[in-house]
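A short write-up of the structure that comes next.
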Protein chains: 2
Amino acid sequence: MQDHDNLTENDCKMTVRIKDVALAAGVSVATVSRALGDGPVSDELRKKVEAAVAATGYLPNLSARRLRSQHSHTIGLIVSDIRNPFFTAVSRAVEDAAYAVGMRVILCNTDENPQKEAMYLRLMQEERVTGVIFAPTRATAQKLDPQQLGFPVVLIDRAAPPGQADAVVLDNAEAASLLVEHLLAQGYQRIGGLFGNTSTTGAERHAGVLAAMQRHGLQAEARFIAPTPEAAEQAMRAWLAEPAVPQALIASNGLVLLGMLRGARAAGIAIPQQLALAGFDNDNWTELAGPGLTVIEQPVYDIGRTAMKMLLERLEDPARSARKVVLSGRLIARGSTAYTMAADAGQDGAPR
Amino acid sequence: MQDHDNLTENDCKMTVRIKDVALAAGVSVATVSRALGDGPVSDELRKKVEAAVAATGYLPNLSARRLRSQHSHTIGLIVSDIRNPFFTAVSRAVEDAAYAVGMRVILCNTDENPQKEAMYLRLMQEERVTGVIFAPTRATAQKLDPQQLGFPVVLIDRAAPPGQADAVVLDNAEAASLLVEHLLAQGYQRIGGLFGNTSTTGAERHAGVLAAMQRHGLQAEARFIAPTPEAAEQAMRAWLAEPAVPQALIASNGLVLLGMLRGARAAGIAIPQQLALAGFDNDNWTELAGPGLTVIEQPVYDIGRTAMKMLLERLEDPARSARKVVLSGRLIARGSTAYTMAADAGQDGAPR
DNA sequence: AGGTGTTGTGTAATCGATTTCAATGCCATC
DNA sequence: GATGGCATTGAAATCGATTACACAACACCT
């Protein structure tokens, strides 16, 4: 109210520092810092400081805080592409969990490119991040040494060599088995699949399909592609143009499934009358497309939340041995795998 | 190679500071800083510094750099929910553009909650961000004063009172008109819509529909809901249970459209035979669901990229007057608005 | 009464970089 | 040969906070 300097209320153009608050409150900067943090301060002074903070409009400078305290309160989230609904959902869960404990998230898209992965990992080091949640390509997963990095890493969706790093993954073998058993129970026998070729996930789901088929004395034809809708659509068109096409096809993730469905539509193939289709990721559209697509639903939000929880636990005890949390997928059977093949068409897949 | 201290190669457990690099290179810290930046340094010393950086494995501390240089090289991206495909795509574009110019992105989800918006805006101030790209609710858009904030703001998807802030928005009136004209051309006359009630976007699209209808001497029935699939599905079920339902319904965004389609399915309503459906956002599933949904496609990636470009231009010239970039949507007509109503059903919508 | 903690506070050092400022050497110019 | 730029370089100040340390006041226990 009086004709002081310039602390009338706010917007004095100059940013107000902790020193200004100390001056206004008539205490030392250390006391202000402690009052704002958790240090021991008398109630009397704490109130004075709070009043001074309100009067000056003080906002702490996080860069200065990070530099001095050596805690960035920042975690990195490195995924291939946030536009993949799986990563979108995981990212939302990670961010919710991070902000809930006062941490910031830096999001990076690698496009399955090992060079970008290396670049972003270096960036994380420069940011002095508290930790990183990472969905690596197979190439970097193998050569990844979390000790070397200087911060803990929790892998998601994709696993590294065991014992190397914490990880939250789907039980891909089990999930693939669920799909295969479902298809077999429907009556399909000639089953194939299109799998992403950049991650361990594609490989594991492929292995799971093979193993499940083998338990029934059957084989499966698999093809490997870049895990994008475009590549999947192209591969699908090519496959459908060939003479012998399996009765049922499995996609190794939601993007591939999307491309396959587009390819089937372009080729005029009726689902499931001429071809059954199933895949991973219960994205919005799978419920609504055609007869509904049979998929393995991943606990997407849970994966992100669990990854963040593991990261925090790892920070509390850096020495404990690496853990791998394996979550189960849920089969959602829909029309795309109904067995509607007529008796005459059935001869294709008749038991030998 | 010799028995120096501990700069054998790397991982000496201690982080290496610029001082260590200076020592290793036999120059001052200032020279190292200049060599790494853009300062004037002789080629000879620059090479020495680069060698020392490589030998010591130096990684700059970004917090220290930010504190001293007073440039955070960080922008905030505040949206309602990254899981809305519209914001997912925008976010990817913003991040691409940001990393391309050496900036970091902090992503915040507000869930259309003004309190969270206020909290994140304060966080942005503490981070001393270079700028913010923001999709505000109507409530905060009105009371938003970019001058007060201390950093430039570019609004996306939603507009503020004119002249207040830069913005990148869709031409909602035009887009709504495209939808209405399309429906009218198909033969529909009794048209209604479900609109989000938290943003200016829902309001503008509603106004656009009304205006277009009015040009034809027609009226439209509108309802307002929280812009989520769940709220839309519930509202849809309720609406469909009433006696007089419009022949065609418009959704004000992708999430609402999704909920409406679910509601229609749950009620056993055939699209487009019993009800035509159209909306905004060309999300993946709209192409594949049922007969395909007629939508307005937004230039999502362009919106993000343009917002980032405007932010950079604003930084170069803080004084220039506020600009609003208005982009056009594209009508994608699909089966959900085909006019297939039988003659007997047609009497409902016969001209009066 | 005399140590012995405990609690609360201030002073000053510190985090790791950038940037200011002064100094140096070198060359061209008069 | 003195002088005035120009290009490099280093020493030291600085960014804005946290925290180590010292110390005062006060309660508590022999």
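Source: prediction; values computed, not measured. Residue numbers start from 1 in every chain, and the chains themselves are labelled A, B, ... in the order their sequence lines are given, proteins ahead of strands.
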**Report entry** Rounded distance (Å) that lies between atom P of D/dA17 and atom CG of A/Leu23
**Finding:** 14 Å
Query raised in the report: Heavy-atom distance under 4.5 Å between the side chains of B/Leu311 and B/Pro152, does that happen here?
Result: yes
Report task. Send over the distance from A/Arg66 CZ to C/dA17 P, rounded to a whole Å. Result -> 16 Å
Query raised in the report: Which nucleotide, D/dC15, C/dT18, D/dA17, lies nearest any side-chain atom of B/Ser69?
Result: C/dT18
Report task. Taking only the side-chain nitrogens and oxygens of B/Tyr58, find out if one of them lies under 4.0 Å from OP1 or OP2 of C/dA17. Result -> yes
Query raised in the report: Over how many whole Å does the gap from A/Asn61 atom CG to C/dA17 atom P extend?
Result: 17 Å
Query raised in the report: Can you tell me how far C1' of D/dG16 sits from CD of B/Glu127, to the nearest Å?
Result: 14 Å
Report task. May I ask you to verify if any side-chain N or O of B/Gln70 is less than 4.0 angstrom from the OP1 or OP2 atom of D/dG16? Result -> yes
Query raised in the report: How many angstroms lie between atom CG of B/Asp157 and atom OG of B/Ser199, to the nearest 0.5 angstrom?
Result: 6.5 Å
Query raised in the report: Can B/Arg158 and B/Glu117 be counted as an ion pair, charged N to O under 4.0 angstrom?
Result: no
Query raised in the report: How long is the line joining CD of B/Glu126 and P of D/dT18, in whole Å?
Result: 11 Å
Query raised in the report: What residue pairs, at least two apart or across chains, pass side chain to side chain donor-acceptor pair (under 3.5 Å) with a residue in residues 87-103 of chain B?
Result: A/Asp81-B/Arg92, A/Asp111-B/Arg92, B/Arg92-B/Asp96, B/Asp96-B/Tyr301
Report task. Write down the distance between CG (A/Leu62) and P (D/dG16), rounded to a whole number of angstrom. Result -> 13 Å
Query raised in the report: Of the options A/Glu127, A/Met103, A/Met124, A/Arg66, which is the one that meets A/Thr74 in a side chain to side chain contact (heavy atoms under 4.5 Å, CB included)?
Result: A/Arg66
Query - Residue pair A/Thr31, A/Val41: steps toward the side chain to side chain contact (heavy atoms under 4.5 Å, CB included) verdict - result: CA-CA 7 Å; A/Thr31 299; A/Val41 179; 4.3 Å; yes
Query - nucleotides 4-14 of chain C: protein proximity per nucleotide (B base, S sugar-phosphate only, - neither; heavy atom, under 4.0 Å) - result: ----SBBB-BB
Query raised in the report: Going by heavy atoms in the side chains, are A/Arg314 and A/Arg323 under 4.5 Å from each other?
Result: no
Query raised in the report: Would you say A/Asp317 has more than 12 foreign heavy atoms packed within less than 6.0 Å of its CG?
Result: yes
**Report entry** Rounded to 10 degrees, the angle between the two terminal axes of the helix from C/dA1-D/dT30 to C/dC30-D/dG1, each from five pairs
**Finding:** 50°
Query raised in the report: How long is the line joining CG of B/Leu67 and P of C/dT19, in whole Å?
Result: 12 Å
Query raised in the report: Rounded to the nearest Å, what distance is computed from the NZ atom of residue B/Lys19 to the C1' atom of nucleotide D/dG10?
Result: 15 Å
Query raised in the report: How far does CG of B/Asp166 sit from OG1 of B/Thr306, to the nearest 0.5 angstrom?
Result: 12.0 Å
Query raised in the report: Side-chain N or O of A/Ser33 less than 4.0 angstrom from OP1 or OP2 on D/dT18?
Result: yes
